[in-house]
A.B. asks: 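Attaching a single structure in structure tokens format; questions to follow.
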Amino acid sequence: MNYDPIEAKLKSALQKATPDILDDILEGCDREKGQVISMEKRKNKKLSRILSIAAVFVLLIAGVFLYKNFTGSDAAALVSIDVNPSIELEVDADERIIIARALNDDGKKVLSGMKLEGTDLNTGVNAIVGSMLKNGYIDELRNSVLVSVSGDGSIDTAALEAKLMQEVSSALDGAGAVVAQNLDDIDDDTRKLAERYGISVGKAAFIEKIIELNPTLKVEELAPLSINELCLLANGKEIGGTLYSGSTSDKAYIGAERAKSIALSHASLAETAVFDLDCELDYEYGRMVYEVDFDANGAEYEYEIDAKSGDILLFEIERNGAKQQGGSMTQESAGYIGDEKAKSIALSNAGLTAASVTGLISELDSDDGAAVYEVEFIYGGYEYEYKIDAKSGAIIESDKEIAD
């Protein structure tokens with residue numbers, strides 16, 4: 001049977017993901033070396049202790065970890081691992097795990113049956129990646145992992161960041177994409193953002209960096225996405241403050257070349273007949289889309305193509321100031337109320353008219369996957385903002401603040 005190279009490597013990675021804990025076992029044996037255990041007077045208690053330890057080993061067999069009594073010292077570093085499951089590890093100065101916590105339900109599934117406290121960080125990370133592979137969170141369609149590191153100054157977080165990136169890449173047998181970032185300088189706004197959307201601070205920081213590259217994207221749209229999808233939205237561009245290795249899988253989508261072909265075919269044009277042909281992956285209307293743009297015959301062509309199905313969601317052809325639109329996501333075909341109706345609803349709610357305000361605009365956007373109109377205008381030194389359901393016309397949000 002011929003396996004795809006990435007799939008084959010991930011299968012190999014899963015087989016290798018069980019960490020080697022022989023050194024830990026021998027270390028534990030050395031500590032007990034020379035001690036004589038009396039089995040006559042305290043036989044039952046010793047036997048209970050031995051059985052308890054054995055039970056711990058059985059419990060840990062999924063991650064294959066050795067339990068050690070941990071002193072509970074303060075954490076020197078905080079490490080988060082994100083795929084779609086999100087896991088956070090508190091680590092001491094000796095790079096041993098103090099606390100392992102799941103930040104979402106998928107993270108709980110990954111950590112199920114594991115006892116990581118007291119475990120060497122490298123061993124723990126390998127076991128976590130192995131569990132993600134085993135549970136299908138990492139595969140040939142989604143192969144990206146985000147590793148985030150921050151510290152209290154007593155540990156070299158830059159070195160730890162590079163080390164963990166190499167460790168995760170090795171655990172994936174080179175078949176994954178690993179992004180590592182240092183969060184020593186993270187601010188409270190990013191922490192609040194993470195808390196608001198129920199994601200790790202590392203994922204929140206990564207989303208902020210992607211939005212810096214593409215300001216049209218919004219946090220509420222990106223928060224539910226996997227790390228693989230976020231990496232694809234970065235379009236391979238350099239993201240400040242991150243280390244990157246491997247290639248992000250786009251196998252869940254039709255691919256940029258296929259998207260270009262669909263757009264050119266619809267326009268009845270050959271690639272050799274167009275100029276400035278560009279294609280980028282974006283997120284619109286609650287889905288991943290390819291944006292294809294090109295010029296030909298004195299006209300500008302813009303296409304938004306569903307990244308999974310290849311359907312033309314929207315196309316616009318502009319020639320000499322005249323625009324032609326079509327596709328399944330046009331306002332008319334989607335049954336939306338339209339920009340003018342959205343403006344009218346917002347103005348009526350504010351008790352104003354179009355003639356009395358300035359800067360009146362309406363823009364179709366998406367909010368948590370739902371289509372909305374964002375209407376803005378200025379009146380009396382105040383800026384008004386509305387979010388209106390694109391189909392029902394219901395006012396979802398409204399805000400009024402002093403105009404800047």
A.B. asks: Taking the side chain from Asp94 and the backbone from Arg96, do they hold a donor-acceptor pair closer than 3.5 Å?
C.D. replies: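 Absent.
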A.B. asks: So, for Arg319 and Gly298, which heavy atoms are closest and what is the spacing to 0.1 Å?
C.D. replies: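 Closest heavy-atom pair between Arg319 and Gly298: CG-O, 4.0 Å.
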A.B. asks: Name all residues meeting the side chain to side chain contact (heavy atoms under 4.5 Å, CB included) criterion together with Glu257; count only those two or more places apart in sequence or in a different chain, and write none if there are none.
C.D. replies: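 With sequence neighbours excluded, Glu257 shows a side chain to side chain contact (heavy atoms under 4.5 Å, CB included) to Lys260, given in chain and number order.
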A.B. asks: Sub-3.5 Å donor-acceptor pair from the side chain of Asn228 to the main-chain atoms of Ala177, do we have one?
C.D. replies: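 No, Asn228 side chain to Ala177 backbone: no donor-acceptor pair under 3.5 Å.
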A.B. asks: Can you confirm whether the side chains of Gln181 and Ser148 place a donor and an acceptor under 3.5 Å from each other?
C.D. replies: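 Checked: Gln181/Ser148 side chains pair up, N/O donor to acceptor below 3.5 Å.
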A.B. asks: Any side-chain heavy atom of Leu314 within less than 4.5 Å of one from Val289?
C.D. replies: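 No, too far: nothing below the 4.5 Å cut-off.
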A.B. asks: Distance check, rounded to the nearest 0.5 Å: Ile211 atom CD1 versus Thr216 atom OG1?
C.D. replies: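 If we round to the nearest 0.5 Å, Ile211:CD1 and Thr216:OG1 are 9.0 Å apart.
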A.B. asks: Please name all residues satisfying salt bridge (charged side-chain N to carboxylate O under 4.0 Å, His left out) with Glu340, sequence neighbours left out, ordered by chain then number.
C.D. replies: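 Glu340 satisfies salt bridge (charged side-chain N to carboxylate O under 4.0 Å, His left out) with Lys343 once adjacent residues are dropped.
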A.B. asks: Below 4.5 Å, heavy atoms only, C-beta onward: do Tyr382 and Ile402 meet side chain to side chain?
C.D. replies: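 Tyr382 vs Ile402: side chains touch.
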A.B. asks: Spell out, as yes or no, whether a donor-acceptor pair under 3.5 Å connects the side chain of Asp184 to the backbone of Gly151.
C.D. replies: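 Yes: the side chain of Asp184 pairs with the backbone of Gly151.
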A.B. asks: Between the main-chain N or O of Gly136 and the side-chain N or O of Arg142, is there a donor-acceptor pair closer than 3.5 Å?
C.D. replies: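 At least one qualifying donor-acceptor pair exists.
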A.B. asks: Got a sec, which pairs hit side-chain hydrogen bond (donor to acceptor under 3.5 Å, both in side chains) with one end in residues 286-298, sequence neighbours left out?
C.D. replies: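 For residues 286-298, and leaving out neighbouring residues, the side-chain hydrogen bond (donor to acceptor under 3.5 Å, both in side chains) pairs sorted by first residue read Arg287-Asp306.
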A.B. asks: Would you say that Ile128 contacts Leu89 through its side chain, given a criterion of any heavy-atom pair below 4.5 Å between the two side chains?
C.D. replies: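 They are in contact (side-chain heavy atoms under 4.5 Å apart), so the answer is yes.
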A.B. asks: Excluding sequence neighbours, so at least two apart, what forms salt bridge (charged side-chain N to carboxylate O under 4.0 Å, His left out) with Asp278?
C.D. replies: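 With neighbours one apart ignored, the set is empty.
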A.B. asks: With sequence neighbours excluded, tell me which residues meet salt bridge (charged side-chain N to carboxylate O under 4.0 Å, His left out) with Asp365.
C.D. replies: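 Expected list: Lys218.
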A.B. asks: Would you say that more than 12 heavy atoms from the other residues, nucleotides or ligands in this model lie under 6.0 Å from the CG of Asp185, or not?
C.D. replies: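 12 or below, so no.
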A.B. asks: Side chains of Ser249 and Asn143: is there a donor and an acceptor less than 3.5 Å apart?
C.D. replies: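 Result is no, nothing qualifies.
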A.B. asks: Would a distance-only check, ignoring hydrogens and angles, find a side-chain to backbone donor-acceptor pair under 3.5 Å from Lys203 to Ala223?
C.D. replies: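 It does hold such a pair.
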A.B. asks: Would you find more than 12 non-hydrogen atoms of other residues, nucleotides or ligands less than 6.0 Å from Gln325 atom CD?
C.D. replies: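 Enclosed: over 12 neighbouring heavy atoms sit under 6.0 Å from CD of Gln325.
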A.B. asks: Please identify each residue that fulfils side-chain hydrogen bond (donor to acceptor under 3.5 Å, both in side chains) with Asp82, with sequence neighbours left out.
C.D. replies: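 Here the qualifying residues are Ser86, Ser200.
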A.B. asks: Can you check whether Asn214 reaches Leu233 side chain to side chain, under 4.5 Å on heavy atoms?
C.D. replies: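 In short, these two side chains do not touch, never coming nearer than 4.5 Å.
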A.B. asks: Can any side-chain N or O of Asn104 pair as donor or acceptor with the backbone N or O of Asn84 at less than 3.5 Å?
C.D. replies: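 Yes, the answer is positive, given that a donor and an acceptor are paired below the 3.5 Å cut-off.
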A.B. asks: Using only heavy-atom distances, determine whether the side chains of Asn126 and Thr123 contain a donor-acceptor pair under 3.5 Å.
C.D. replies: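 Absent: no donor and acceptor within the cut-off.
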A.B. asks: When you compare the side chain of Ile388 with that of Ile337, does any pair of heavy atoms fall below 4.5 Å?
C.D. replies: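 Counting from C-beta outward, Ile337 and Ile388 do come under 4.5 Å.
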A.B. asks: Asn135 side chain to Tyr137 main-chain N or O, any donor-acceptor pair under 3.5 Å?
C.D. replies: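 Absent.
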A.B. asks: Are any side-chain N or O atoms of Glu140 and backbone N or O atoms of Lys251, one a donor and one an acceptor, separated by less than 3.5 Å?
C.D. replies: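 Pair absent, no side-chain N/O of Glu140 close to backbone of Lys251.
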A.B. asks: Return the set of residues passing side-chain hydrogen bond (donor to acceptor under 3.5 Å, both in side chains) with Glu90 (not counting sequence neighbours), or none when no residue passes.
C.D. replies: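 Expected list: Arg101.
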A.B. asks: Begin with the C-alpha distance, continue with both residues' side-chain angles, and end with the deciding distance and a verdict on salt bridge (Lys or Arg N to Asp or Glu O under 4.0 Å) for Arg191 and Asp188.
C.D. replies: CA-CA 5 Å; Arg191 292 189 177 91; Asp188 288 338; 3.3 Å; yes
A.B. asks: Hey, could you give me each pair passing salt bridge (charged side-chain N to carboxylate O under 4.0 Å, His left out) that has a residue in residues 150-172? Not counting sequence neighbours.
C.D. replies: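 Salt bridge (charged side-chain N to carboxylate O under 4.0 Å, His left out) check on residues 150-172 returns Glu95-Lys163.
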A.B. asks: If the condition is side-chain hydrogen bond (donor to acceptor under 3.5 Å, both in side chains), which residues does Ser348 pass it with, not counting sequence neighbours?
C.D. replies: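 Not a single residue meets the side-chain hydrogen bond (donor to acceptor under 3.5 Å, both in side chains) criterion with Ser348.
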A.B. asks: Rounded to the nearest 0.5 Å, what separates atom CD in Glu363 from atom CD in Glu376?
C.D. replies: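 With rounding to 0.5 Å, CD (Glu363) is 8.0 Å from CD (Glu376).
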A.B. asks: Whether the side chain of Ser150 engages the backbone of Leu183 through a donor-acceptor N/O pair (distance < 3.5 Å, no angle test) should be reported.
C.D. replies: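 No.
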A.B. asks: Could you go through Ile81 and Val168, starting from their C-alpha distance and side-chain angles, then the distance that decides it, and tell me whether this counts as side chain to side chain contact (heavy atoms under 4.5 Å, CB included)?
C.D. replies: CA-CA 10 Å; Ile81 301 173; Val168 174; 5.6 Å; no
A.B. asks: Looking at side-chain heavy atoms only, is the closest gap between Tyr283 and Glu229 below 4.5 Å?
C.D. replies: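 When only atoms from C-beta onward are counted, Glu229 and Tyr283 do not touch, as no gap falls below 4.5 Å.
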A.B. asks: Report the residues that fulfil side chain to side chain contact (heavy atoms under 4.5 Å, CB included) with Gln324, sequence neighbours left out, ordered by chain and then residue number.
C.D. replies: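 Gln324 satisfies side chain to side chain contact (heavy atoms under 4.5 Å, CB included) with Phe315, Ile317 only.
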A.B. asks: Name all residues meeting the side-chain hydrogen bond (donor to acceptor under 3.5 Å, both in side chains) criterion together with Tyr386; count only those two or more places apart in sequence or in a different chain, and write none if there are none.
C.D. replies: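 Expected list: Asn349.
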A.B. asks: Are Leu164 and Asn122 close enough that some pair of their side-chain heavy atoms sits under 4.5 Å apart?
C.D. replies: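 Leu164 reaches Asn122 side chain to side chain.
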A.B. asks: Which residues pass the ring-ring contact (aromatic ring centres under 6.0 Å, His included) test with Tyr384, not counting sequence neighbours?
C.D. replies: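 Checked Tyr384 against ring-ring contact (aromatic ring centres under 6.0 Å, His included); matches are Phe377.
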A.B. asks: Assess whether atom CZ of Arg196 is packed by more than 12 heavy atoms of other residues, nucleotides or ligands within 6.0 Å.
C.D. replies: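 Count not over threshold, so no.
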